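I have placed the structure first, in the form of structure tokens, so that the comments after it can refer back to it.
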Amino acid sequence: MSYQRGSSVGTGFSRPKLMPTENFEHRSGGLDPAEVFSAAQTVAAKLVATGQDPNADQETVDWLVDLVADVGLDTMARLWADAPAITFGGALWRLYALQQATQHDGDTWATWYRAGYDAYVSRVIAGATEPPQAEDLQTLITRILTGVYSGDFAIALERGGAYARVIAAGQHQHAERLEDTNPAAAAKLEHRSVKLQRTATELELCATAWRQGRLQVERPEPRPTH
């Protein structure tokens with residue numbers, strides 16, 4: 001499963017709404033979590049399809065890349081933070097979270113990236129300049145998200161995973177250096193490294209699922225009734 005963009009320029013291109021809860025707020029009995037979840041996943045899939053549409057113009061792609069600036073990270077968290085990893089919503093949440101962390105703490109992330117320098121294969125896939133500065137990583141994550149919407153979706157997910165893996169390697173190295181002088185800080189940073197390694201793996205699994213036509217708009221597991 002893949003999309004190829006053409007060179008045509010869209011006019012008046014429709015942008016998906018990001019608040020599916022609006023459709024359920026006035027129903028008797030309140031919100032149905034399963035329906036809201038399904039709607040949020042549909043929105044995520046629609047966002048990807050919107051950017052990948054051959055008629056989408058550059059303004060639309062730029063809007064999608066900078067979506068957090070328009071809707072806010074809290075809105076995205078409400079939609080997708082609890083989504084299963086191998087879904088459109090799960091993938092987008094992880095990529096936008098990487099984008100925001102890179103933008104808000106770029107110098108630290110650049111330090112971690114340089115410390116993870118030995119992860120050579122992942123670094124090549126990620127595509128950062130060597131040695132990277134904060135602005136280089138911000139450019140990199142922008143290119144990765146642009147690839148989600150106007151390039152090969154699976155490759156963009158893999159690049160996001162590679163980026164996360166290099167940062168995680170750098171966090172691990174810094175955590176090791178802190179073990180003797182500040183074990184509490186070392187443990188906290190190592191925990192972050194493990195979580196980011198998991199994010200990398202999840203993005204890579206999303207890429208595989210996309211290529212195999214398995215990246216579905218999934219419903220959550222039924223909640224226990226007792």
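No experiment lies behind these values; they were computed from the predicted model shown.
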Exercise. When rounded to the nearest 0.5 angstrom, what distance separates OH in Tyr149 from CG in Leu64?
Worked result: 5.0 Å

Exercise. Considering only heavy atoms from C-beta outward, does the side chain of Met76 approach that of Leu79 to under 4.5 Å?
Worked result: no

Exercise. Is the CG atom of Asp82 crowded by more than 12 outside heavy atoms at less than 6.0 Å?
Worked result: no

For this session: State, with a plain yes or no, whether a side-chain heavy atom of Trp109 is found less than 4.5 Å away from one of Leu98.
Result: yes

For this session: Measure from the side-chain N and O atoms of Arg94 to the backbone N and O of Leu203, and report whether any donor-acceptor pair falls under 3.5 Å.
Result: no

Exercise. Heavy atoms, side chains only, cut-off 4.5 Å: are Val148 and Leu92 in contact?
Worked result: yes

For this session: Nearest 0.5 Å please: distance from the CD1 atom of Ile86 over to the SG atom of Cys206.
Result: 4.0 Å

Exercise. Can you list the steps and then say if Arg211 with Glu158 is a salt bridge (charged side-chain N to carboxylate O under 4.0 Å, His left out)?
Worked result: CA-CA 12 Å; Arg211 289 193 174 106; Glu158 288 172 340; 2.6 Å; yes

Exercise. Sub-3.5 Å donor-acceptor pair from the side chain of Thr199 to the main-chain atoms of Lys195, do we have one?
Worked result: yes

For this session: Specify whether Trp210 and Phe88 have parallel, tilted or perpendicular ring planes, treating 30° as the upper limit for parallel and 60° as the lower limit for perpendicular.
Result: perpendicular

Problem set entry | Any side-chain donor near an acceptor of the partner, Thr50 and Asp53, under 3.5 Å | no

Exercise. Going by atom types alone, do Gln138 and Thr102 pair a side-chain donor with an acceptor below 3.5 Å?
Worked result: no

For this session: Verify, without hydrogens or angle tests, whether Asp152 (side chain) and Ile155 (backbone) share a donor-acceptor contact under 3.5 angstrom.
Result: yes

For this session: Examine distances only and state if a side-chain atom of Gln99 and a backbone atom of Val65 form a donor-acceptor pair shorter than 3.5 Å.
Result: yes

Exercise. Within the distance-only criterion (no hydrogens, no angle test), does the side chain of Ser150 pair as donor or acceptor with the backbone N or O of Gly147 below 3.5 angstrom?
Worked result: no

Problem set entry | Pair Ser193-Gln197, side-chain donor/acceptor within less than 3.5 Å | yes

Exercise. Going from OG1 on Thr201 to CG on Leu205, what distance comes out if it is rounded to the nearest 0.5 angstrom?
Worked result: 6.5 Å

Exercise. Glu190: what forms a salt bridge (Lys or Arg N to Asp or Glu O under 4.0 Å) with it, not counting sequence neighbours?
Worked result: none

Exercise. Would you say Thr60's side chain and Ala56's backbone share a donor-acceptor pair under 3.5 angstrom?
Worked result: no

Problem set entry | Any side-chain heavy-atom pair of Arg165 and Glu204 under 4.5 Å | yes

